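A note on names: the letters A, B, ... follow the listed sequences, proteins ahead of strands, and every chain is numbered from 1. Only a predicted model underlies this, so the values are computations on that prediction, with no experimental measurement involved.
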There are 2 protein chains.
Amino acid sequence: MESTAVLRRFNRTYTQRIGALDESFLGLGMPLASARLLFEIGGAQPVTVQDLRARLGLDSGYLSRLLRGLESRRLVELSPDPADRRRRVAALTESGARLLTDLDDRSDALATRLLEPLSERQRARLAEALATADLLVRAATLEFEVVDPASPNARLAMGHYFAELDRRFEGGFDPGPLTEADLATMRPPGGTFVLARSDGEVVACGGVQSLGEGVGEVKRMWVHDGWRGAGLGARMLRRLEDDAAALGHTVVRLDTNATLTDAIALYERSGYASVARYNDNPYAQRWFEKPLSAPAASTRRPRG
Amino acid sequence: MESTAVLRRFNRTYTQRIGALDESFLGLGMPLASARLLFEIGGAQPVTVQDLRARLGLDSGYLSRLLRGLESRRLVELSPDPADRRRRVAALTESGARLLTDLDDRSDALATRLLEPLSERQRARLAEALATADLLVRAATLEFEVVDPASPNARLAMGHYFAELDRRFEGGFDPGPLTEADLATMRPPGGTFVLARSDGEVVACGGVQSLGEGVGEVKRMWVHDGWRGAGLGARMLRRLEDDAAALGHTVVRLDTNATLTDAIALYERSGYASVARYNDNPYAQRWFEKPLSAPAASTRRPRG
DNA sequence: ATATTTGTCTGACTAGAGTCAGACGAATGG
DNA sequence: CCATTCGTCTGACTCTAGTCAGACAAATAT
């Protein structure tokens with residue numbers, strides 16, 4: 001069966017069998033929107049109203065009303081943010097925390113009840129299938145965005161990248177201090193820096209810098225551990241190539257360490273050819289290059 | 001991760017990423033409830049209002065209003081059922097059919113858009129995972145029900161069963177006429193007949209008859225082809241054993257044909273032991289028996 | 001210091017989705 | 001043929017989940 005058909009069939013099954021149950025149960029005693037709000041507040045304790053609005057995608061007036069509802073039932077407490085007294089931060093009260101645990105238990109009980117008719121083996125199969133689907137659905141709905149390499153999220157992502165290299169290289173890895181000059185290479189006109197985020201969490205990154213007339217270099221490409229197997233590396237690489245082409249590069253290079261076999265496999269799969277050493281990076285043992293086709297100025301859409 | 005946790009995580013991902021998109025798109029131009037109703041009418045053309053109510057689980061007043069809405073927009077036509085003029089049957093008009101195609105296309109486009117960022121391979125992986133999840137979620141939400149073996153659905157199920165035997169036995173299979181006496185064996189006090197249904201469709205069946213003081217026999221056990229691999233056979237067998245025990249039997253027997261290797265494997269997995277021929281069924285080559293533990297009168301819950 | 005922007009809140013609406021209590025004609029059981 | 005049941009419809013509600021237009025105070029820009 002075609003994959004769109006499978007998706008649509010599943011969608012029907014799902015909304016009929018699970019969605020409906022979920023909504024009727026979860027909300028028991030309170031509207032669904034309030035319950036969701038409570039969950040969201042409980043997730044990352046003191047959270048600003050602004051944050052909640054962004055995460056739940058609610059109208060400010062509506063959210064305000066919902067909050068006041070929870071406040072009047074003494075489930076949450078709002079107080080001005082000392083750092084910016086226009087902002088208000090929400091936190092659960094004790095009874096709010098208790099209710100949240102309660103809702104959580106109820107949701108758990110519902111899930112258990114739903115799975116109950118299945119055998120242990122089938123439950124495991126279902127869990128595996130859902131985990132796969134979860135990963136891929138998240139991957140399909142990722143957001144790529146160009147950010148300044150000096151922004152907090154970009155620094156965070158590069159931090160993950162360096163930490164991973166340090167773990168994987170035999171003698172460890174020392175990036176040295178992250179200088180402003182270094183960051184500046186990944187800004188226009190010759191460079192760029194791209195993040196992939198899911199639910200606000202940074203899950204992948206990558207940069208491009210210019211090596212001179214028409215030559216770009218892919219740098220700092222990293223994918224979150226929990227996101228391996230979703231083709232994120234390939235998508236990020238494609239995205240960086242597209243961006244490099246848009247910046248006027250006609251060829252991209254990259255270097256890598258011989259221990260990063262998965263990355264090397266990705267480069268080879270993606271049409272990169274081994275070339276001779278083109279820099280003096282002491283951590284690099286392999287160098288690659290790939291010609292870029294010129295971006296079709298008007299028809300080109302950013303992929304991924 | 002525990003399977004309930006996986007289910008819950010998936011649930012969140014799903015409602016956030018797909019559910020929301022779906023609802024906003026599908027309904028474009030009309031409320032979701034109307035769109036769903038249109039889909040349902042389009043599914044099995046002339047359909048009674050009663051049927052729609054059952055399938056969508058709607059209040060009769062509400063459904064009536066929704067139907068009138070569609071009728072006033074000339075999307076459906078209602079006419080009294082000639083067989084019972086209290087009933088009304090709904091059918092799409094031409095423009096209704098056109099709109100349905102339109103909604104269908106839109107839904108398809110949405111699914112395609114959602115899958116677009118994934119590679120061919122990942123799409124296939126996702127489709128496989130969703131198909132597995134679909135099967136298991138459906139299996140988990142099946143409804144078992146005791147019905148009279150002479151009821152239309154029971155006859156239908158046994159028809160499937162006989163047809164399958166006819167396909168699988170080398171020399172074919174001739175059940176002979178389905179006599180009232182034969183059916184009566186699968187009624188209380190000593191017998192029963194159980195159906196499993198999903199979305200109204202019969203997907204499995206099985207019966208028990210009495211072979212005399214305390215001995216029950218499992219008969220006519222059948223599982224729909226599309227439902228293999230969901231453990232439905234094992235669940236039906238367990239259910240029949242429970243019911244047999246509740247009817248006072250202390251042991252169950254069954255016979256089977258040597259070509260039905262999957263069934264034989266199921267019996268052996270389920271604790272059945274080979275015994276000598278106990279009947280003169282010309283199609284049987286293997287005979288099995290299993291002792292039943294007495295039902296704990298109060299604590300016993302029907303399983304599955 | 002003043003104007004503008006930002007973050008939150010209030011009031012006044014709307015649409016969707018559904019519930020509940022009957023009304024009414026058609027079918028059915030005795 | 002009469003009472004009851006069944007299938008559908010109408011009217012009068014309710015609750016959720018929003019939207020939109022301001023109001024107002026705190027922060028920031030000029």
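At a cut-off of 3.5 Å, with distance as the only test, a side-chain donor of B/S107 or A/R8 sits close to an acceptor on the other residue. Looking at B/T48 and B/R87, their side chains never bring a donor and an acceptor atom within 3.5 Å of each other.
If you check D/dG18, C/dG16, C/dA27 against the side chain of A/L58, the one that comes closest is D/dG18. The side chain of A/D84 sits closest to D/dA27 out of C/dA17, D/dA27, C/dA26. The side chain of A/R86 lies closest to D/dA25, out of D/dA25, D/dC9, D/dG7. The side chain of B/Y62 has C/dG18 as its nearest neighbour among C/dT8, D/dC9, C/dG18. Listed nucleotides D/dG7, C/dT8, D/dT19 differ in distance to A/R87; the shortest reach to its side chain belongs to C/dT8.
Rounded to whole Å, atom P of C/dG25 lies 14 Å from atom CZ of B/R88. Remark: C1' of C/dA17 and CG of B/L63 are 13 Å apart, rounded to the nearest angstrom. We find that CG of B/D51 is positioned 17 Å from P of D/dC6, with the value rounded to whole Å. Going from atom CZ of A/R53 over to atom C1' of D/dG18 covers 15 Å, rounded to whole Å. Atom-to-atom, CG of B/L32 to P of D/dT16 comes out at 19 Å; the value is rounded to the nearest Å. If you take CG of A/L37 and C1' of C/dT8, they are 15 Å apart, rounded to a whole angstrom. For the pair B/L56 CG and D/dT8 P, the computed distance is 14 Å after rounding to whole Å. Look at CZ on B/R36: it is 12 Å from C1' on C/dG16, rounded to the nearest Å.
Inter-residue side-chain proximity for B/T93 and B/V76 is flagged as unmet; no heavy-atom pair is nearer than 4.5 Å. In this structure, the side chains of B/L7 and A/L130 come closer than 4.5 Å at one or more pairs of heavy atoms. Two residues are said to be in side-chain contact when any heavy atoms from C-beta on lie closer than 4.5 Å; A/S64 and A/V49 fail this criterion. Contact check for A/L38 versus A/L92: side-chain heavy atoms found under the 4.5 Å cut-off.
Using cut-offs of 30° and 60° on the angle between ring planes, the pair A/W222 and A/H160 is parallel.
Heavy atoms of A/D59 sit under 4.0 angstrom from at least one base atom.
Listed by residue number, the members of residues 64-81 of chain A with any heavy atom below 4.0 angstrom from DNA chain C are A/S64, A/R65, A/R68.
Side-chain nitrogen and oxygen atoms of B/R85 include none within less than 4.0 Å of the OP1 or OP2 phosphate oxygen of D/dC6.
A residue-by-residue look at B/S60 and A/S60 shows that B/S60 has its nearest nucleotide of DNA chain D further toward the 5' end. In this structure, A/Q50 and A/G61 both approach DNA chain C, and ranking their closest nucleotides by distance from the 5' end singles out A/Q50.
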